Amino acid sequence: MSLPVEIVFGVYLGVITGIVPALVAGTLGFVFKYVTDVTIPGLGVVVLSLAIAGVNGGLLALNDETIRSSERAPAILTAIVVVLMLSMYAHAQGDRLGASVPKRISLRQLRDRTLSTDVIELVGGRGRVSVEVAGEVNDMEGYPPLPADTRRAILDGDWTFPADLPLAELEDRFAERLQTELDLADVAVRIDEQARATVAAAPPTGALSKRVPAGKRAVSVSALVPTGIARGDVVRVITPDLDAEGAVIAARSSGKPEPGAAATSDPGPAAGDDPDPDEDARTDGGEETVGAPPAATAPTTTGGEGRVTLALDRSEATTLLRADRGRVLVLSRGTRREYELTALLRRAGKRFRRVSVVAGGPLDGHTIGEAEVREAYDVAVLAARHESWTIAPDGSQSLSAGDDLFVVGSRDALDRFAEVAA
């Protein structure tokens, strides 16, 4: 046969005999790169491929005696070249796949659901998503029915969140925001990939008493209430016999809200309009601290005549009860440094997370320096709680199972640290 025909026959023969060597070379390349992060040398691939191809070619020669003819040398050489090309290509692809596949895939990562890209909006270069409450807001078993105005507030609210959150964390944030802004006793949220939320909620129970710190008394005073007071604001009440400062736990004013403005801070009985004011002076709170400051969308007063309920010491509360009215001054709370820190971390591409040390892990029974947290995991420990909280702990801080840590780093570094150490 002519040389071109021999070359074509050699390509055909090389493809037939090269399939198995290519599969073996690609598989070994992937396994070695994934497990040991080592690339098999090209000479090893050549030797292995020729050995396997030789076995295949020998089996073909047994079935076809013409293959063993010396006149078929061009075809055999062409087949060898084709086998080597297929094997080297398959090995390169397997090596590349082994380098790109994540080394650790946890069940939590497989379970995490994410939002569909169709519902993500880009605002200022960052993605956000508006969660829409689908259907009716359900009542929670074991609680009274939810008031109609609260249902409307949940259905008509503007609930916007960052789009880079897994759905599980997005559900937690939505539930926490509903509880914070609407004072709900309990909330259950389920969000699908299209940002549609199913909500079940319970109405507030004991809205005022749960906000009174331990050892304090809730007392209301009539005054000219400034516009914009919300729960958590610190005010000073001035009367002829008393000058006291306290945190606002409820407020009500008679001014008409402007279009689009929020309602008064606590329109229900918890606002402090108790017909028996002495009861306010005899109630001790059950929580150690006042709740977190309200968000920017939290209800605020609209100004005018009204009443403000404060958390004060026993002696101040008794004195204030004897006053018919007082003057209310809102005090400056200064700059919230924690918000500035959060903004700086996010601009630097960092995130922070609270984790707990696992028993038997690399941190259990070691100090931060011994575990080489920064070097091994590329995260920094902002605070640690062993027996008490320590801010910016040094390397001698000892850790044990159950200790809480606030760590900062990139998102990937935090995920790796959480999977391995906490």
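When reading the values below, keep in mind they use all heavy atoms of this one structure, side chains included, and skip hydrogens, waters and symmetry mates. None of the values given here were measured: they were computed from a predicted structure.
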Exercise. Say whether, by atom type as modelled, one donor and one acceptor occur between the side chain of E132 and the main chain of R196 under 3.5 angstrom.
Key: no
Quiz prompt | Plane angle bin for F406 and F352 - parallel if under 30°, tilted between 30 and 60°, otherwise perpendicular | solution = tilted
Exercise. State, to 0.1 Å, how close L184 and A201 come at their nearest heavy-atom pair, and which atoms those are.
Key: CD1-CB, 3.8 Å
Exercise. Report the distance from atom OG1 of T180 to atom CZ of R231, rounding to the nearest 0.5 Å.
Key: 9.5 Å
Quiz prompt | Nearest atoms (heavy-atom pairs only) where V129 meets A195 | solution = CG2-CB, 3.6 Å
Quiz item: Of all residues at least two apart in sequence or in a different chain, which pass the salt bridge (Lys or Arg N to Asp or Glu O under 4.0 Å) check with D139?
Solution: R151
Practice problem: Walk me through it: do V237 and L310 pass the test side chain to side chain contact (heavy atoms under 4.5 Å, CB included)? | Solution: CA-CA 9 Å; V237 177; L310 309 177; 3.1 Å; yes
Quiz item: Is any side-chain heavy atom of V379 less than 4.5 Å from a side-chain heavy atom of V408?
Solution: no
Practice problem: Look at D156 together with R152 and state whether they make a salt bridge at an N to O cut-off of under 4.0 Å. | Solution: no
Practice problem: Show the numbers, then the answer: is there a side chain to side chain contact (heavy atoms under 4.5 Å, CB included) between V235 and L331? | Solution: CA-CA 5 Å; V235 301; L331 304 182; 5.8 Å; no
Quiz prompt | Qualifying residues under salt bridge (Lys or Arg N to Asp or Glu O under 4.0 Å), relative to R236, sequence neighbours excluded | solution = D243, E245
Practice problem: Please examine the side chains of V234 and V248, heavy atoms only from C-beta on, and report whether any two atoms are closer than 4.5 Å. | Solution: no
Self-check item: All pairs passing ring pair (Phe, Tyr, Trp, His ring centres under 6.0 Å) where residues 146-192 contributes a residue, at least two apart
Solution: W159-F174, F161-F174
Quiz item: Which distance, rounded to the nearest 0.5 Å, do you find between the CD1 of I120 and the OG of S130?
Solution: 11.5 Å
Practice problem: Locate the shortest heavy-atom distance separating G228 from D233; write the atom from each residue and the value. | Solution: O-OD2, 3.9 Å
Exercise. Could you tell me whether the side chain of L399 reaches within less than 4.5 Å of the side chain of T367, counting heavy atoms only?
Key: no
Self-check item: Interatomic spacing from OG1 in T27 to CG in L97 - rounded to 0.5 Å
Solution: 10.5 Å
Quiz item: Could you give the distance from CG (L178) to OG1 (T150), rounded to the nearest 0.5 Å?
Solution: 11.0 Å
Quiz item: Minimum heavy-atom separation for P203 to A185, with atom names?
Solution: O-CB, 3.2 Å
Quiz item: Does some side-chain heavy atom of F417 sit less than 4.5 Å from a side-chain heavy atom of L363?
Solution: yes
Quiz prompt | Min side-chain heavy-atom separation V221-R307 under 4.5 Å | solution = no
Practice problem: Step by step, work out the side chain to side chain contact (heavy atoms under 4.5 Å, CB included) result for Q397 and T390. | Solution: CA-CA 9 Å; Q397 174 71 40; T390 301; 3.7 Å; yes
Quiz prompt | Which atom of A371 lies closest to which atom of A376, heavy atoms considered | solution = O-CB, 4.2 Å
Quiz item: Under 4.5 Å between any side-chain heavy atoms of T198 and D192, yes or no?
Solution: no
Quiz item: Rounded to the nearest 0.5 Å, how far apart are OG of S398 and CG of D403?
Solution: 7.5 Å
Exercise. May I ask you to check whether over 12 heavy atoms, not counting those of R354, lie within 6.0 Å of atom CZ?
Key: yes
Exercise. Answer yes when D415 and R353 have at least one side-chain N-carboxylate O distance shorter than 4.0 Å, and no when they do not.
Key: yes
Exercise. Quick one: closest heavy-atom pair of V15 and L86, and the distance?
Key: CA-CD1, 4.2 Å
Quiz item: When you look at CD of E169, are more than 12 heavy atoms from neighbouring residues, nucleotides or ligands closer to it than 6.0 Å?
Solution: yes
Practice problem: Side-chain contact test, heavy atoms from C-beta onward, threshold under 4.5 Å: evaluate it for R385 versus L405 and give yes or no. | Solution: no
Quiz prompt | Distance, nearest 0.5 Å, that separates CD1 of I52 from CD1 of I19 | solution = 13.0 Å
Donor-acceptor pairs under 3.5 Å, side chain of residues 40-48 to any protein atom, not counting sequence neighbours: which ones?
none

Practice problem: Output all residues satisfying salt bridge (Lys or Arg N to Asp or Glu O under 4.0 Å) with D313, sequence neighbours left out; order by chain, then residue number. | Solution: K216
Exercise. Return yes if a side-chain donor-acceptor contact under 3.5 Å exists between S396 and D394, otherwise no.
Key: yes
Quiz item: So which pairs with a foot in residues 364-375 pass salt bridge (Lys or Arg N to Asp or Glu O under 4.0 Å), sequence neighbours left out?
Solution: none
Quiz item: Is it true that the side chains of S253 and T301 contain a donor and an acceptor less than 3.5 Å apart?
Solution: no
Exercise. Run the numbers on K33 and T39 for side chain to side chain contact (heavy atoms under 4.5 Å, CB included), then give the verdict.
Key: CA-CA 6 Å; K33 190 67 176 180; T39 300; 3.6 Å; yes
Quiz item: Got L414 and R351 here, is their nearest side-chain heavy-atom distance under 4.5 Å?
Solution: yes
